Structure formats: structure tokens, C-alpha cells
Amino acid sequence: MPELPEVEIVRQSLNKKINGKIIKKVIVKNRNLRFKVPLNFTSVLENKRVIKVDRFSKYLIIFLSNNHVCLIHLGMSGTIHLVYKKNKNLITNTSFYHSPTLPKKHNHIEIFFDDLKFVYNDPRRFGYFEIIKNSKLLKIKINKFGPEPFSTKFNFEYLYSFLKNKEKNIKNFLLDQKFVSGIGNIYASEILHLSKINPDKKGKNLTKKELKKILINSKKILSKAIHKGGSSIKDFRNISGSKGEYQNNFKVYQRAGLKCKRSSCKGIIKKKNISNRSTFLCNFCQK
DNA sequence: AAGAGGCCCTGATAGC
DNA sequence: TGCTATCAGGGCCTCT
């Protein structure tokens, strides 16, 4: 589900709700995610304070008072729900308010605070939780990824030297987290449409002007998506249960057969498969 | 090294 | 109604 903007929306609301609070209890109901929830997960988290909820790329990063870091990836279908408590003194499930948006199946992890519980739900189990021992090790992990579009490292020289000899198409590069971090299948199509670049165009064939457009437009699309609360294709909700709005701004994604939204363009949006991921484009204005 | 493809998993939807 | 096929916001792993 979530690309950088959606994860950022989750981070913002999560930071407001659990920052500074003590984790009273952790229940792992189903350890099976993409990677097994680590065996020490419960003991590392219990009775620790949440210092801060951060984000890198599509990862949520929870800093704990014991210097450990909990890294969360939501995969395709991971969602976090907060359920509020009627009575602060009790830590039993009967003391929670009914939450209509909380799914009944696939709730894998529950993290209890005094006044609420954090529930991780993931039907497809492509998400995962990881414990990292300190922020130095976290940095090492993060450094293996390419820069985020907002980073100063994501600049013309970087793009040019990375792509100049490459046969692979630009759509796949935008999805390649070792090249750039945080872009997924929706925003890759949107960025390329705004940049008037055909997704099949090889890295080595991109002009300098096109590289500059990718730089500018990846920032532009992602920041606008964050501003609009992310995209809710199927069921993305922020922690408070409300939908994002950016899907109303899609120019190509899930618009196959409809008119290109670029003013003065007469094209019709097409859907095609690139490396087994659906890709949307207007081959009239994307050359 | 770079690139292509399979695969992990459940659920929604379409078509017969 | 019920079967089967296809597709979904991600990314790791293996093979060439």
C-alpha cells in the first residue's frame, strides 16, 4: 500500500499520539510477517518510552528509551490502527472503545500504552518489524539505500552518473530503492507523466533536461501527495481513520482509457505491464 | 555487475 | 452460487 507520502502521514499522526509515552505491554498475536517478528520483540519494547517516531523512505522508525530502534515496513497491505481506552487503569481488551475501522482478521501485533493501543494489521504479510540495537546500526542500514527525492544527494550529478550507462528503463529505476528511496508504483507513473518521459525510456537515453525534470517532479509529486494526506486507493487510512485525497489528483494512475489531463494533450491514458507492475502513461505526451 | 523473473501472501473483483 | 483467473500500493532472492 504505502509509498513515502502515506508512510509520512502515518508517522505524523503516530508521533502526535505515542511520542513520549511508555509501552506497557506488547502482544504478538501472529509472528508470521515477511520476516518473523523477532523473539526478543516483546522484551525490548515493554516498559520503554517512545522517544520519537521518525521515517526513512517507506520505513517507520520508532526510537526507544533503551536506545533500541524498532523499524517497521508496511509492505503492500500493512496498516496501523490506534484504539482508545475507556479506563486508563486497566490493560484488558474489554476496557477499549469499539473501533469500527479496526479489521477483525490479520491483527498481528498489539502495543499497549496507558490510554490507547497500537494495532498492526497486515493481510498479505509483506510488512515486517525489525529491532535494531542502536542508531549507529540504523545508519548503516539506511546508508544501503539510495537517497530520498528530498535529499541534497539526489541531485543532477548523482542521477547522471547513476543512469548514464544503464540499459534499464526509467520506470524500474524509480522503483529501485537502491537508486532512489520512497517512490513506489503509483508515484513512479505520476512523476514520469508530469516529466513527459516515457516509462520505457532507458536510463542511458535520458537527456539532461529530462534528468532535471525527474529531480524537480519527484519532489513536487511527493510533497503534494503528503500535503493532501497521501493516496487512498483501496483502504489507506491515516491513524485517525480518514482517507487521503491525492488519488483525486492522479493524472495517469488507474486512469486507463480516460483522456490525458495535460491541457492541450489529446492522448488517452494507457495501461501496460513493465516488469510485472502495471504502469500508466500517455504515449501522446510522454516521449 | 546488471537485469529479468519468480515468489512471498490474502482478498477483491471479473468472467464463466 | 461457485469455480477460476487476475490483479493489488513491495521487495527479496535466484538465475543468467
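Remember, it's a predicted structure, so these values are computed and weren't measured experimentally. Throughout, protein chains are lettered first and strands after them, A, B, ... in sequence-line order, and every chain is numbered starting at 1.
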Shortest side-chain distance from A/Ile233, nucleotide among C/dC12, B/dG3, C/dG9: C/dG9
Audit row: A/Asn185, A/Lys171, side-chain hydrogen bond (donor to acceptor under 3.5 Å, both in side chains) steps and yes/no: CA-CA 9 Å; A/Asn185 205 38; A/Lys171 164 80 184 331; 2.8 Å; yes
A/Glu148 vs A/Leu4, side-chain contact (heavy atoms from CB on, under 4.5 Å): CA-CA, chis, key distance, verdict: CA-CA 9 Å; A/Glu148 288 192 349; A/Leu4 187 153; 3.8 Å; yes
Given DNA chain B, 5'-ward residue of the pair A/Asn169 and A/Arg124, judged by closest heavy atom: A/Asn169
Presence of A/Tyr253 side-chain N/O under 4.0 Å of C/dG9 phosphate oxygens OP1/OP2: yes
Protein-nucleotide distance (A/Leu175, atom CG; C/dA8, atom P), rounded to Å: 13 Å
Most 5' of A/Lys105 and A/Glu167 on DNA chain B, judged by nearest nucleotide: A/Glu167
A/Lys144 NZ - C/dC12 C1' separation (whole Å): 14 Å
A/Lys212 to A/Phe156 six-membered ring, cation-pi geometry met (6.0 Å, 45°): yes
Under-4.0 Å side-chain N/O to phosphate OP1/OP2 contact, A/Arg277 with C/dA8: no
A/Ser278 side-chain N/O to C/dA8 phosphate OP1/OP2 under 4.0 Å: yes
Phosphate OP1/OP2 of C/dG11: any A/Lys58 side-chain N/O under 4.0 Å: yes
Residue A/Met76, side-chain atoms from C-beta onward, closest of C/dG11, B/dG11, C/dA8: C/dA8
Separation of C/dG9 P from A/Leu222 CG (nearest whole Å): 16 Å
Complementary nucleotide for B/dA12 - Watson-Crick or wobble, under 3.5 Å: C/dT6
Closest to side chain of A/Asn172, choosing from C/dG11, B/dA4, C/dG10: B/dA4
C/dG10 OP1/OP2 closer than 4.0 Å to side-chain N/O of A/Arg34: no
N or O in side chain of A/His106 less than 4.0 angstrom from B/dG11 OP1/OP2: yes
Whole-Å gap separating P (C/dA8) and CZ (A/Phe280): 7 Å
Nearest-angstrom distance from the residue atom NE2 of A/His73 to C1' of C/dC12: 11 Å
Nucleotide B/dC7, atom P - distance to CG of A/Asn276 in whole Å: 11 Å
Length of the line joining A/Phe126:CZ and C/dC12:C1', which is rounded to integer Å: 11 Å
Short side-chain donor-acceptor distance under 3.5 Å, A/Asn32 and A/Lys36: yes
A/Asp176 CG to B/dG3 P, straight-line distance once rounded to whole Å: 9 Å
Euclidean distance for C1', C/dG9 against B/dG3 (whole angstrom): 23 Å
Ion pair check, A/Glu8 and A/Arg11, cut-off under 4.0 Å: yes
Nucleotide nearest A/Ile186 when distance is taken to its side chain, options C/dG9, B/dG6, B/dA2: C/dG9
Pair assignment for B/dG3, Watson-Crick or G-U wobble, requiring both distances under 3.5 Å: C/dC15
C/dG9 OP1/OP2 closer than 4.0 Å to side-chain N/O of A/Ser189: no
Side-chain N,O (A/Asn185) to OP1/OP2 (C/dG9) below 4.0 Å: yes
Sugar-phosphate, base or nothing in reach of A/Lys271, heavy atoms under 4.0 Å: sugar-phosphate
